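A short write-up of the structure that comes next.
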Amino acid sequence: MSLGPPGAQLNPEQADNFEDIEKQFAVKTVQHMITYWAILEKVRGSKLRLTKLDDEIYEHFKKEFPDFDPTATIDEDQMKSKEGKEKWRNFMMPYEKKVDDYNFGTMLRSNPKFEYGEKETIFVVRMQFYAVEIVRNREGLNDWIYEKEHTYEAK
């Protein structure tokens, strides 16, 4: 049985529901971003665990992406190219049943030296966020956020 072209079964009265879903998604994404930043202000990234699988994710990421430079700005075009998507998909699939919301969209700073901002943030899925941020944290690249917050408190 054919349902026709995509969207053919949509009821126009239900279109508002899609708008609500988009808004809820945006709210959840921003909440995640704010929460993560607040945690980095309270705990040095180098002391932080994002998942119970941090060690496994770290080792797997370093093996699959040996040329990844965590200090550099992420090339979003390369990451989202056909080859980049395939490489990331292969990396993420083992976590499908291990990590909650592994493919849920979230925001990632393109460079660990930046705060979140419109030009400094890229949209990724949760496993990409975890992989990159676990590496950044392990290598102390997010510790400046804690230090900045606690320098101001000391004054």
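What you are looking at is a predicted structure, and each value in this text was computed from that prediction instead of being measured.
When hydrophobic clusters are built by joining Ile, Leu, Val, Met, Phe, Trp and Tyr residues whose side-chain heavy atoms come closer than 4.5 Å, directly or via intermediates, I145 is grouped together with L48. L141 and Y146 are assigned to two separate hydrophobic clusters, defined by single-linkage of ILVMFWY side chains at heavy-atom distances under 4.5 Å. Linking Ile, Leu, Val, Met, Phe, Trp and Tyr residues whenever their side-chain heavy atoms come within less than 4.5 Å places L50 and M107 in a single cluster. Under the 4.5 Å side-chain heavy-atom criterion for Ile, Leu, Val, Met, Phe, Trp and Tyr, I39 and I57 are members of the same hydrophobic cluster. In the hydrophobic clustering of ILVMFWY residues, with side-chain heavy atoms under 4.5 Å counting as a link, Y116 and F114 come out apart.
With sequence neighbours left out, the side-chain contact (heavy atoms from CB on, under 4.5 Å) criterion links E86 to R89, N90. Legend: residues meeting side-chain hydrogen bond (donor to acceptor under 3.5 Å, both in side chains) with T121, ordered by chain and number and at least two apart, are absent. Qualifying salt bridge (Lys or Arg N to Asp or Glu O under 4.0 Å) partners for E118, counting only residues two or more places apart in sequence or in other chains: none. In terms of the salt bridge (Lys or Arg N to Asp or Glu O under 4.0 Å) criterion, residue partners of K80 (sequence neighbours excluded) are, by chain and number, E76. In this structure, S110 has no side-chain hydrogen bond (donor to acceptor under 3.5 Å, both in side chains) partners at least two apart in sequence or on a different chain. In this view, E56 and K98 satisfy the side-chain hydrogen bond (donor to acceptor under 3.5 Å, both in side chains) rule, not counting sequence neighbours. Applying the side-chain contact (heavy atoms from CB on, under 4.5 Å) criterion to E96, with sequence neighbours excluded, gives M93, Y102. Scanning for ring pair (Phe, Tyr, Trp, His ring centres under 6.0 Å) contacts around F61 gives F65, F68, W88, F91, with sequence neighbours left out. Judged as a side-chain hydrogen bond (donor to acceptor under 3.5 Å, both in side chains), and not counting sequence neighbours, T29 has no contacts.
Taking 4.5 Å as the limit, some side-chain heavy atom of V135 sits within range of a side-chain heavy atom of Y58.
If you take CD on E115 and NZ on K148, they are separated by 3.5 Å, rounding to the nearest 0.5 Å. The distance from the CG atom of N103 to the CD atom of Q128 is 10.5 Å, given to the nearest 0.5 Å. Rounding to the nearest 0.5 angstrom, the gap separating the CG atom in L108 from the CZ atom in F123 is 11.5 Å. Separating the CD1 atom in I134 from the CG atom in N142 is a distance of 11.5 Å, to the nearest 0.5 Å.
The distance between the ring centers of H32 and F104 does not fall below 6.0 angstrom. For an aromatic pair to be called close, the ring centres must be under 6.0 Å apart, and Y130 with Y95 fails this.
Checking side-chain atoms of D143 against main-chain N and O of S46 turns up a donor-acceptor pair under 3.5 Å.
Closest approach of P70 and P112 over heavy atoms only: O-CG, 3.1 Å. In terms of heavy-atom proximity, T71 sits nearest to K113 at O-NZ, 2.9 Å.
Note on residues 102-112: pairs passing salt bridge (Lys or Arg N to Asp or Glu O under 4.0 Å), not counting sequence neighbours, are R109-E133. Applying the salt bridge (Lys or Arg N to Asp or Glu O under 4.0 Å) test to residues at least two apart or on different chains, the pairs with a partner in residues 57-74 are K62-E139. Here salt bridge (Lys or Arg N to Asp or Glu O under 4.0 Å) pairs that include residues 38-53, with residues two or more places apart or in two chains, are R44-E147, R49-D55.
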Would you check, one step at a time, whether the test side chain to side chain contact (heavy atoms under 4.5 Å, CB included) holds for D100 with T51?
CA-CA 10 Å; D100 290 341; T51 76; over 6 Å; no
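Ring pair W37/W144 is perpendicular by interplanar angle, where above 60° counts as perpendicular and below 30° as parallel.
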